[in-house]
There are 2 protein chains.
Amino acid sequence: MALPQAGMTASAPSVQTNALPMHRAGRPALPELLEGHGIAMKVRRRQRITFASSDQIYVVQSGLLVLSANAGSDRRQLLCLLYPGDVFSPAQAPPLDGIGMIAMTDCELSRLRASAFEQDQEATLLINRYIAESTSSMHARAMLHIARLSSLPSETRVAAFLLELALRLGRVSNDQVSCDLPLSRSDIADYLSLNADTLSRIMTRLKERGTIATIGRSRTIVKSVKKLCQDVPVCAATMALHAQQQLEAS
Amino acid sequence: MALPQAGMTASAPSVQTNALPMHRAGRPALPELLEGHGIAMKVRRRQRITFASSDQIYVVQSGLLVLSANAGSDRRQLLCLLYPGDVFSPAQAPPLDGIGMIAMTDCELSRLRASAFEQDQEATLLINRYIAESTSSMHARAMLHIARLSSLPSETRVAAFLLELALRLGRVSNDQVSCDLPLSRSDIADYLSLNADTLSRIMTRLKERGTIATIGRSRTIVKSVKKLCQDVPVCAATMALHAQQQLEAS
DNA sequence: TCCGAGCCTTGATAAGCATCAACTCGGCTA
DNA sequence: TAGCCGAGTTGATGCTTATCAAGGCTCGGA
């Protein structure tokens with residue numbers, strides 16, 4: 001069980017993204033000390049994980065998951081994206097109807113018992129610190145997401161989201177980033193609090209404007225990250241929370 | 001420095017709310033071990049706290065604060081409410097323009113150094129566990145807030161928010177809860193992603209409908225919590241995350 | 001008790017987005 | 001390669017909510 005790897009794609013391994021560790025600069029790497037503690041899990045795309053015991057902790061090793069729930073009127077709501085390196089426990093999720101994680105790609109997870117780290121062992125402090133940093137970082141991302149949802153008009157909201165995904169999953173060449181969208185249009189709409197129809201219109205508008213291009217249904221190309229950033233007020237914060245250590249040209 | 005107390009009101013101590021510890025059932029009480037570590041801070045209503053060093057950790061002892069930022073077009077956005085018992089570090093906030101905490105009431109805080117808990121002392125494990133539980137719980141609240149913002153129409157959104165505040169700050173008598181709103185109409189609007197005008201209209205509608213009543217500008221009475229709950233789909237989750245241990249009739 | 005400033009309320013209007021329905025396209029299977 | 005099915009797109013329409021402007025109410029200070 002190695003460090004979390006970036007950008008495991010949905011179906012084929014043909015598209016190799018940059019293999020940098022997918023956590024924020026400055027966060028200590030997830031210690032290998034986790035080995036021996038966790039149970040490795042592999043889940044398939046679209047597979048659902050419900051929270052059995054609150055003593056469970058999940059560590060995302062690769063892939064992409066979302067936290068999903070049904071809020072009002074049986075409307076599905078995607079609350080939170082989980083990236084490699086993230087640590088997630090049921091305590092971080094509200095007890096809404098239909099709460100659970102859904103894999104957006106094939107994923108590798110480690111499942112741990114929270115109580116395993118309550119004894120005062122040598123490695124415990126380091127692991128707990130890693131978990132604390134992950135949880136804090138996820139809270140910061142949640143706040144950023146709230147700011148996006150609340151303060152940005154729908155088109156800018158989509159642009160900000162595409163910037164995030166490009167930074168997380170994208171393959172960079174010069175100023176251009178291409179990336180597989182593991183989320184369907186409906187998924188993106190449910191995450192950004194938009195109607196799927198409206199989202200489609202916005203994507204079309206962005207394409208007409210030359211901000212993005214698409215290949216097939218799920219592959220998206222951001223034509224210019226700089227240009228995208230100029231259109232997105234929360235650009236700096238997005239970069240800080242989602243950019244890899246180094247966006248190297250390939 | 002005792003346990004966090006509930007419901008310090010804005011101006012006068014005349015309104016005494018129930019003095020139960022204001023954290024979720026099951027969370028261990030903030031150990032007195034924190035004493036000696038922290039620096040006590042008192043901040044006034046409307047006072048702003050910017051994040052100087054990322055090594056700071058703030059523990060809310062009493063009062064109510066909000067995390068505030070300017071997202072798009074200099075629009076102020078209130079991202080997160082901080083209640084007594086909450087632990088907050090700058091790492092939990094995104095690096096948005098104008099990010100900082102604003103006191104909605106007079107508050108008592110403890111300021112700690114994060115690095116103080118990195119040594120493996122006897123008390124460290126307990127304190128770290130408390131911090132971890134607080135952070136998880138805040139994340140769950142953030143997710144609930146996202147669900148409210150995204151899935152609920154504006155009137156229900158306001159109702160859900162009033163339910164939360166009533167549970168947190170309210171004084172219960174039978175099924176009726178009265179509570180001081182420490183937030184102005186504009187504050188509430190900025191938190192719920194609504195226009196202040198629209199919010200005013202909604203409040204008027206709720207009053208006409210008999211769901212709530214108001215005394216003066218800031219005092220609100222929820223006529224029936226049961227009835228309010230029926231109108232709010234996320235009621236159960238709100239109760240779980242915000243209800244005091246026991247809502248005792250007074 | 002009066003007054004002023006800020007907060008709140010209310011009305012008219014317009015913009016943005018959801019909804020519904022029809023249609024097209026992409027990707028998978030045979 | 002043909003054909004099918006589900007995902008995506010597009011147009012017409014109406015609702016929800018933001019915006020702007022004017023007026024009213026609270027609460028503090030003189």
Side-chain angles (χ1 to χ4, degrees), chain A residues 9-12 14-15 45-46 71-77 104 148-159 161-162 180-209 212-220, chain B residues 9-12 14-15 44-46 71-78 104 148-159 161-162 180-209 212-220:
Chain A
T9 51
S11 47
S14 60
V15 183
R45 181 172 158 80
R46 295 290 158 195
S73 64
D74 292 338
R75 197 185 133 82
R76 186 185 68 153
Q77 177 66 37
M104 291 287 104
R148 282 193 305 213
L149 290 174
S150 302
S151 304
L152 302 182
S154 58
E155 189 169 325
T156 315
R157 203 185 303 170
V158 174
F161 172 72
L162 290 175
D180 267 341
L181 293 184
L183 289 78
S184 73
R185 296 282 191 274
S186 308
D187 293 332
I188 299 174
D190 289 343
Y191 180 60
L192 295 180
S193 182
L194 290 170
N195 189 292
D197 304 337
T198 304
L199 179 72
S200 177
R201 266 180 265 266
I202 291 169
M203 295 289 275
T204 305
R205 234 182 292 160
L206 291 174
K207 274 187 273 186
E208 286 169 354
R209 197 168 303 176
I212 62 169
T214 54
I215 302 174
R217 220 158 230 174
S218 69
R219 175 149 279 264
T220 302
Chain B
T9 51
S11 45
S14 59
V15 182
R44 287 283 170 85
R45 180 172 158 82
R46 293 291 159 195
S73 63
D74 292 338
R75 196 184 133 80
R76 187 185 66 153
Q77 176 66 38
L78 302 188
M104 292 286 104
R148 280 192 305 214
L149 289 174
S150 302
S151 304
L152 301 183
S154 57
E155 188 169 326
T156 315
R157 204 185 304 170
V158 174
F161 172 73
L162 290 175
D180 267 340
L181 292 184
L183 289 77
S184 72
R185 296 282 191 273
S186 310
D187 294 331
I188 298 173
D190 290 342
Y191 181 61
L192 295 180
S193 181
L194 289 170
N195 190 293
D197 303 337
T198 304
L199 180 71
S200 176
R201 267 180 266 265
I202 292 169
M203 295 288 277
T204 305
R205 232 182 294 160
L206 290 173
K207 273 188 275 186
E208 285 170 355
R209 198 168 302 175
I212 61 169
T214 54
I215 303 172
R217 217 162 235 173
S218 69
R219 176 150 278 265
T220 303

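These numbers were taken from a predicted model, which means no experiment stands behind them. Hydrogens, waters and symmetry mates play no part in the numbers below; they use all other heavy atoms, side chains included.
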- Task: Write down the distance between CG (B:D197) and P (D:dA21), rounded to a whole number of angstrom.
- Result: 12 Å
- What integer distance in Å separates A:I212:CD1 from D:dG8:C1'? 14 Å
- Query: Taking all atoms of both residues into account, what is the closest heavy-atom pair of B:D180 and B:P182, and its distance?
  - Reply: O-CD, 3.0 Å
- Message: Minimum heavy-atom separation for A:S151 and B:Q77, please, with both atom names.
- Response: OG-OE1, 3.1 Å
- Item | Nearest-angstrom distance from the residue atom CG of B:L194 to P of D:dT19 | 11 Å
- Side-chain N or O of A:K207 less than 4.0 angstrom from OP1 or OP2 on D:dG8? no
- Protein-nucleotide distance (A:R185, atom CZ; D:dG6, atom P), rounded to Å: 19 Å
- Task: To the nearest Å, give me how far apart CG (B:L199) and C1' (D:dT19) are.
- Result: 16 Å
- Note on the structure: Here the distance between atom P of D:dA21 and atom CZ of B:R201, to the nearest Å, is 15 Å
- Atom of A:A189, atom of A:L199 and distance for their closest heavy-atom approach: N-CD2, 3.8 Å
- Query: When you check the phosphate oxygens OP1 and OP2 of D:dT17, does a side-chain N or O of B:T198 lie under 4.0 Å from one of them?
  - Reply: no
- Tell me what A:S193 touches on the nucleic acid: a base, only sugar-phosphate, or nothing, going by heavy atoms under 4.0 Å. sugar-phosphate
- Closest heavy-atom pair, B:L183 versus B:M104, reported as atoms and distance to 0.1 Å, is CG-SD, 3.7 Å
- Message: Please report the distance, rounded to the nearest Å, between CD1 in A:I202 and C1' in D:dT10.
- Response: 14 Å
- Query: Any side-chain N or O of B:T204 less than 4.0 Å from the OP1 or OP2 oxygen of C:dT10?
  - Reply: yes
- Task: Rounded to the nearest angstrom, tell me the gap between atom CE in B:M203 and atom P in C:dC8.
- Result: 10 Å
- Message: Please determine whether any donor N or O and acceptor N or O are separated by less than 3.5 Å between the side chain of B:R217 and the base of D:dC27.
- Response: no
- Using a cut-off of less than 4.0 Å, is there contact between a side-chain N or O of A:S184 and OP1 or OP2 of D:dA7? no
- Pairwise side-chain contact, B:L149 with A:S193, heavy-atom cut-off 4.5 Å (strictly under): no
- Item | Residue met sooner reading DNA chain C from 5', once A:I215 and A:S154 are mapped to nucleotides | A:S154
- Query: Does B:N195 make a side-chain N or O approach to OP1 or OP2 of D:dT17 shorter than 4.0 Å?
  - Reply: no
- Query: Using a cut-off of less than 4.0 Å, is there contact between a side-chain N or O of A:S200 and OP1 or OP2 of D:dG8?
  - Reply: no
